[in-house]
Structure formats: structure tokens, C-alpha cells
Amino acid sequence: MPTRTALLEEVIPLTLDGYAYSGRVVHQPDARIAPIVFVGGAFQYQNAWGRLEQGCLEAASVITVDLPGWGGADRLPARFGFDFLAEALDQLVAKVAPCPVNVFGASYGSAVAYQWAREHPERAGRIALFGTMSHLTPAARARVRRTLELADQERHEEFVQCVLEGMMCTSPRVTVSRRATVSRCLARALRDMSADDLTKYRDNSLRLLANSALPAGPPVRVPVLVATGEHDPLSTPALSRAAAARCADARFTTFKEADHLLHLECPAAVVDLLTRFFSGDSLDGLDYCHPVEYLRRPARGSVPAPRPPKET
């Protein structure tokens, strides 16, 4: 359901290289921290952040976006990379927000937020990347390709199940908060996808397959928080921690009893962790996540740490 708020809301139409998209700002006049920019995943719309937006609005103005290829924005062909999306995000930030801003990138959107923070450190305050990964594993690549095949063949129910199984932990031996409810909600949203939605899903998936690892080059220098669910089958804890290790000043944790769909399974915990981090408060002793690790990228010439076991 669209977020409802009594605060001042603006929608900002934008265009980059002929591709129309839009941003949305909900102003909090009594903000105690810098604005928070939400960059969502493959099925996330700018006006559908629900409890996460409402919770963060208690502390800050919130900026959401339908980047090219998302939601109500124009389709973006797969030949455009994450650098184009980062440029589109920067155009929005430069237009509507004082700097620096805090950015929350979720799932697919975490790649955009990471790229943007590398390219525009002067605009970035703190960056939170949830459901991110250092690279797409062969198994994940195969599943993405399978969803595309099923969508092209109009095997809609199999498409829905394939997407669900790739994002949710289905093991009966572990507990995932609100699993049944979240599964029903996501399945309904997938079944309701329009032909335009499926086309955008295909473009975004092909873009992901073509850019399946974090870009090489200088690390993100601003403070970064990386988190995922302890049972996430897609952006696993090992892959997310490896992404955190690519940053110069990172913190890493996993949410208890959660998988990839953190914003639906434990929204109050996500809001609490985000606002603590963006405020510069302590992240110690939180009961909803495992102890936060503080990672520092080794200086040049130091001996690297052993690599984690290879995932498939």
C-alpha cells in the first residue's frame, strides 16, 4: 500500500539522456539527522516503503526514487550499467537535498548506492547496504536466467515460485519472522506484475547478469553498514561480509530470524538499526541482530587476510 503521511510531500520529475524517472521527498521539519535516501530493489516502488519510511520519518526527511527501469519510470535497456543509475541518483540528490545525505540501498539498489558513494563521496554522509553481495554466484546466475525463461514462456506460476525460492529461506528447520505472511504478499505482487513490469524485470536482470560483481577500483571511503538476514539464500552472510570488506570503513551484521526480505520481515528492527547508524549512535548490544563487526580495509602493503571458503 502507498505510504500515507501528513508531512509535506513533493514529487520531482527528472530526465537523464531522454529517460524519464522521478524522485519523491517527504519533508520532516523537525529532523535530527540528515535526509535518508531509499534506493530499492527489483520489485520496490518509490511510494511503497511502508513501515520503513514511517519509522525513518521520525528522525529525518525521506527521499525515495523510481530510477530509470523502476516502477513508474521509463524502461531502461540492459545495455546501461549501474554507473548510469548512479548518475540518475546523483541528479536527484543534487536537486532536492542539502549535502551530505544518508543513503540506504536495498538488494538491487545496493549496487547503485555503492557506485554512487564511490563516485560522489562529497555528497555522501553514511551508506547502508542491505541484501548486498560481493558477486553473483553461479547458482544465483542460473536462477536469474531461469526466471527469465519462465517469464518469456508465460509460465507465470512457475516464475513466481522460482523468484520466491531465490529470495526466501524455505527450510522448515529454521525460523524466519512472518515467513508465511511475507510469502503470500510477495507472491500476490509477483502475480500482479504487468507486461511493463515484466519487461523492466527482464532488463534489470540482464543488467545484473552483465555486472555481477562489485566494480574494481577505489573503495567507498565514507562509513558503511552492511547487513543481511542470517538465512538469506541470495545475498548470503558470507557474500555480504565480503562486500563489506571492500569498503574502507565498514560495519557488518546479520538480522536474526530473517532472510532477504528484511523490510517486510522485521521492519522495526531495520528502522532502529538504520537510524542508530545514520545518527552515529552505538550499534552494540542489539538483541535483533548478531554482534556488529567493525571492518577496516588493510593499508597498502599489509598482508591480506585468508579468503573465505568459495560459495557456489
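Sequence positions, counted from 1, serve as the residue numbers for this chain. This one's a predicted model, so the numbers in the text were calculated from it and none came from an experiment.
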S.K.: Measuring from Arg188:CZ to Ser183:OG, what's the distance to the nearest 0.5 Å?
M.R.: 10.5 Å
S.K.: Quick one: does Thr236's side chain get under 4.5 Å of Met133's, heavy atoms only?
M.R.: no
S.K.: Looking at CG of Asp66 and CD of Gln44, how far apart are the two atoms once the value is rounded to the nearest 0.5 Å?
M.R.: 9.5 Å
S.K.: Do Tyr294 and Leu283 have side chains that get closer than 4.5 Å, going by heavy atoms?
M.R.: yes
S.K.: So which heavy atom on Ala248 is nearest to which on Arg221, and how close?
M.R.: CB-NH1, 3.5 Å
S.K.: I'd like to know if Asp152 and Arg202 make a salt bridge, using a cut-off of under 4.0 Å between side-chain N and carboxylate O.
M.R.: yes
S.K.: Would you call the rings of Tyr288 and Phe255 parallel, tilted or perpendicular, where under 30° means parallel and over 60° means perpendicular?
M.R.: parallel
S.K.: Run Leu286 and Arg276 through side chain to side chain contact (heavy atoms under 4.5 Å, CB included) and show every step you take.
M.R.: CA-CA 11 Å; Leu286 304 176; Arg276 284 175 181 270; 3.6 Å; yes
S.K.: As a quick check of understanding, evaluate side chain to side chain contact (heavy atoms under 4.5 Å, CB included) for Phe84 and Asp17, giving each step before the final call.
M.R.: CA-CA 10 Å; Phe84 183 88; Asp17 289 354; 3.6 Å; yes
S.K.: Evaluate the side-chain proximity of Val226 to Arg241: yes if any heavy-atom separation is below 4.5 Å, no if none is.
M.R.: no
S.K.: Got a second to check how far Thr64's OG1 is from Leu52's CG, nearest 0.5 Å?
M.R.: 12.0 Å
S.K.: Where do Arg126 and Leu225 land on the side chain to side chain contact (heavy atoms under 4.5 Å, CB included) test, with the steps shown first?
M.R.: CA-CA 8 Å; Arg126 289 176 169 240; Leu225 170 65; over 6 Å; no
S.K.: Measuring only between side-chain heavy atoms, which start at C-beta, is Leu85 closer than 4.5 Å to Leu76?
M.R.: yes
S.K.: About how many Å separate CD of Glu165 and CZ of Arg143, when rounded to the nearest 0.5 Å?
M.R.: 5.5 Å
S.K.: Can we say Glu53 and Arg24 salt-bridge, meaning some charged N sits less than 4.0 Å from an Asp/Glu carboxylate O?
M.R.: yes
S.K.: Under 4.5 Å between any side-chain heavy atoms of Met193 and Leu190, yes or no?
M.R.: yes
S.K.: Which residue is it: Phe130, Trp116, Phe278? I am looking for the one with a ring pair (Phe, Tyr, Trp, His ring centres under 6.0 Å) to Phe104.
M.R.: Phe130
S.K.: Apply salt bridge (charged side-chain N to carboxylate O under 4.0 Å, His left out) to Lys200 and list each qualifying residue two or more places apart in sequence or on a separate chain.
M.R.: Asp196
S.K.: Side chain to side chain donor-acceptor pair (under 3.5 Å) between Arg75 and Thr199: does it pass, once the steps are laid out?
M.R.: CA-CA 8 Å; Arg75 174 189 172 187; Thr199 297; 5.7 Å; no
S.K.: We want to know whether Gln115 and Glu119 form a side-chain donor-acceptor pair, criterion being a heavy-atom distance below 3.5 angstrom.
M.R.: yes
S.K.: Shared ILVMFWY cluster between Val103 and Tyr45, side chains joined below 4.5 angstrom?
M.R.: no
S.K.: To the nearest 0.5 Å, what is the distance between CZ on Phe82 and CG on Leu208?
M.R.: 5.5 Å
S.K.: Has the side chain of Glu257 got a donor or acceptor atom that lies under 3.5 Å from a matching backbone atom of Thr175?
M.R.: no
S.K.: Looking only at heavy atoms, which two atoms of Gly41 and Ser107 are closest? And how far apart?
M.R.: CA-CB, 4.2 Å
S.K.: Just so I know, are the side chains of Arg251 and Val292 near enough to count as touching, which here means a heavy-atom distance under 4.5 Å?
M.R.: yes
S.K.: Using every non-hydrogen atom in the two residues, find where Leu274 and Cys56 come nearest and quote the distance to one decimal.
M.R.: CD1-SG, 4.4 Å
S.K.: Heavy atoms only: give me the nearest Ala60-Ala31 pair and the separation to one decimal.
M.R.: CA-CB, 3.9 Å
S.K.: Rounded to the nearest 0.5 Å, how far does CG of Leu14 lie from CD of Gln91?
M.R.: 5.0 Å
S.K.: Under a 3.5 Å threshold, yes or no: a donor from one side chain and an acceptor from the other, between Gln46 and Ser22?
M.R.: yes
S.K.: Return the minimal non-hydrogen interatomic distance between Tyr19 and Tyr21, and the atom names on each side.
M.R.: O-CD2, 3.6 Å
S.K.: Restricting to non-hydrogen atoms, name the atom on His231 and the atom on Val176 that form the minimum distance, rounded to 0.1 Å.
M.R.: CD2-CG2, 4.2 Å
S.K.: Thinking salt bridges, do Arg32 and Glu58 make one under a 4.0 Å N-O criterion?
M.R.: no
S.K.: Taking side chain as C-beta onward, heavy atoms only, is Tyr114 less than 4.5 Å from Leu129?
M.R.: yes
S.K.: Ring centres under 6.0 Å, that's the criterion: do Tyr108 and Phe43 meet it?
M.R.: no
